[in-house]
Amino acid sequence: MTDIQRAIEVLESLVGFDTTSRNSNLPLIDWVEGYLDRCGVTYERIPDQAGVKANIWATIGPADKPGYILSGHSDVVPVDGQSWASDPFRLSRRDGRLYGRGATDMKGFVACCLAAVPDIKARRLARPIHLAISYDEEVGCIGVQDIIARIKRSAVQPAGCFVGEPSLMAVVVGHKSKRSTRVTVHGRTVHSSLAPHGVNAVEYAARLICKIRDISERLAREGARDPLYDVPFTTGHTGTVNGGIALNVVPGICTFEFEFRAIGDDDANALTEEVIAYGRDTLEPAMKAVAPEAGITFEGRSGFPGLDTPADEGVVALAKRLMGTNACSKVAYGTEAGRFSAAGIPSVVIGPGSIDQAHKADEFIAESEVAKCVDFIDRLVAQCAAG
Ligand SMILES: [Zn+2]
């Protein structure tokens with residue numbers, strides 16, 4: 001049995017490291033390595049190319065058997081401009097809640113995992129438990145890709161992965177995929193009195209933006225449905241536009257950004273390609289007829305694969321059994337589970353605390369959530385001991 005107090009003490013240590021994604025996470029990684037050393041657990045540090053950040057991958061138990069991954073990220077979002085009642089990088093305990101940046105997203109889960117390590121180590125496991133602690137999740141699920149590459153080189157693949165993003169310990173089997181794109185429309189600048197001699201970059205951008213809107217309306221009207229989502233269909237939108245310098249100048253350049261967030265039945269990449277094809281086949285010929293140098297460039301920004309784990313997958317049944325529930329749900333936010341799933345590792349999201357508190361001032365996790373997660377990991381460990 002893991003002591004909740006130990007999980008809170010580990011959380012206190014983790015919150016003390018300012019691992020905002022723009023910073024190095026190595027001080028935290030050093031601390032985790034020291035902790036694992038004291039527990040007698042071997043691990044691998046998987047550094048980034050610049051050597052300023054690292055993931056940790058640890059296996060406890062028989063590495064030649066398919067086991068379960070407990071996965072969490074070490075980075076947190078900035079506190080810039082937020083007004084906190086207490087120091088965000090010092091865990092503060094008030095009214096059954098633990099306040100601090102990352103308390104719920106998601107150092108709370110990582111702390112529960114680490115607190116369980118002495119107990120996991122003391123057991124005779126029939127299946128291994130792996131710990132995956134990543135960097136740069138908050139800026140596009142980047143670090144975890146090297147952990148997955150490391151896993152793919154193993155002779156035996158894991159049976160499943162639990163990603164501990166805050167879900168109030170609900171069993172989450174899906175989230176939408178996302179693809180976002182930056183567009184630059186290059187036109188030709190002329191005085192506005194000579195408008196037909198120019199190529200108006202803002203106007204062509206507007207046509208593309210309307211195309212994105214048309215596709216989004218089509219999806220809302222007649223697209224595939226997944227009732228487990230609050231918005232049960234694929235969505236698209238344009239978030240920023242920049243163009244034009246003065247009313248009497250035909251604008252020569254316009255940039256904008258758009259995204260699609262797709263349910264499992266749709267493909268955000270295919271929808272993006274539909275926008276690109278419209279630009280290439282319909283708009284560019286008209287632009288180039290006036291000015292050969294005119295054109296449109298599309299640049300992929302961030303994105304992540306969706307999660308759509310079938311309800312009959314073993315890892316889903318296991319998570320439900322361990323939590324004593326029959327329910328599963330889908331969420332609006334993206335997680336590393338999409339990347340594990342895309343790599344062929346069946347994954348669910350299940351973690352303590354609420355996403356409502358993530359990324360905000362006075363982020364907290366309820367102590368009762370820590371207790372629920374500690375119990376969940378204890379039951380998983382017992383399951384792995386039993387075989
Ligand atoms: Zn997170």
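Just so you know, ligand 1 is whichever comes first in the structure, and atom 1 is the first atom listed for that ligand. Since this is a predicted model, take the numbers as computed values, not measurements.
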Should the pair Phe162 and Tyr68 be assigned to parallel (<30°), tilted (30 to 60°) or perpendicular (>60°) ring geometry? tilted

Are there any protein N/O/S atoms under 2.8 Å from the Zn ion (ligand 1), and if so, which? His73 NE2, Asp105 OD1, Glu165 OE1, Glu165 OE2

Less than 3.5 Å apart, any donor N or O on the side chain of Thr235 or Lys176 sitting next to an acceptor on the other? no

Test the Lys53-Tyr135 pair against the cation-pi criterion, namely NZ or CZ under 6.0 angstrom from the six-membered ring centroid and within 45° of the ring axis. no

Under 3.5 Å, side chain of Ser167 to main-chain N/O of Ala170, donor-acceptor pair present? yes

Within a strict 4.5 Å, meaning less than it, do heavy atoms of the Ile4 and Glu367 side chains meet? no

Check salt bridge (charged side-chain N to carboxylate O under 4.0 Å, His left out) between Asp308 and all other residues, then give those that pass, not counting sequence neighbours. Lys330

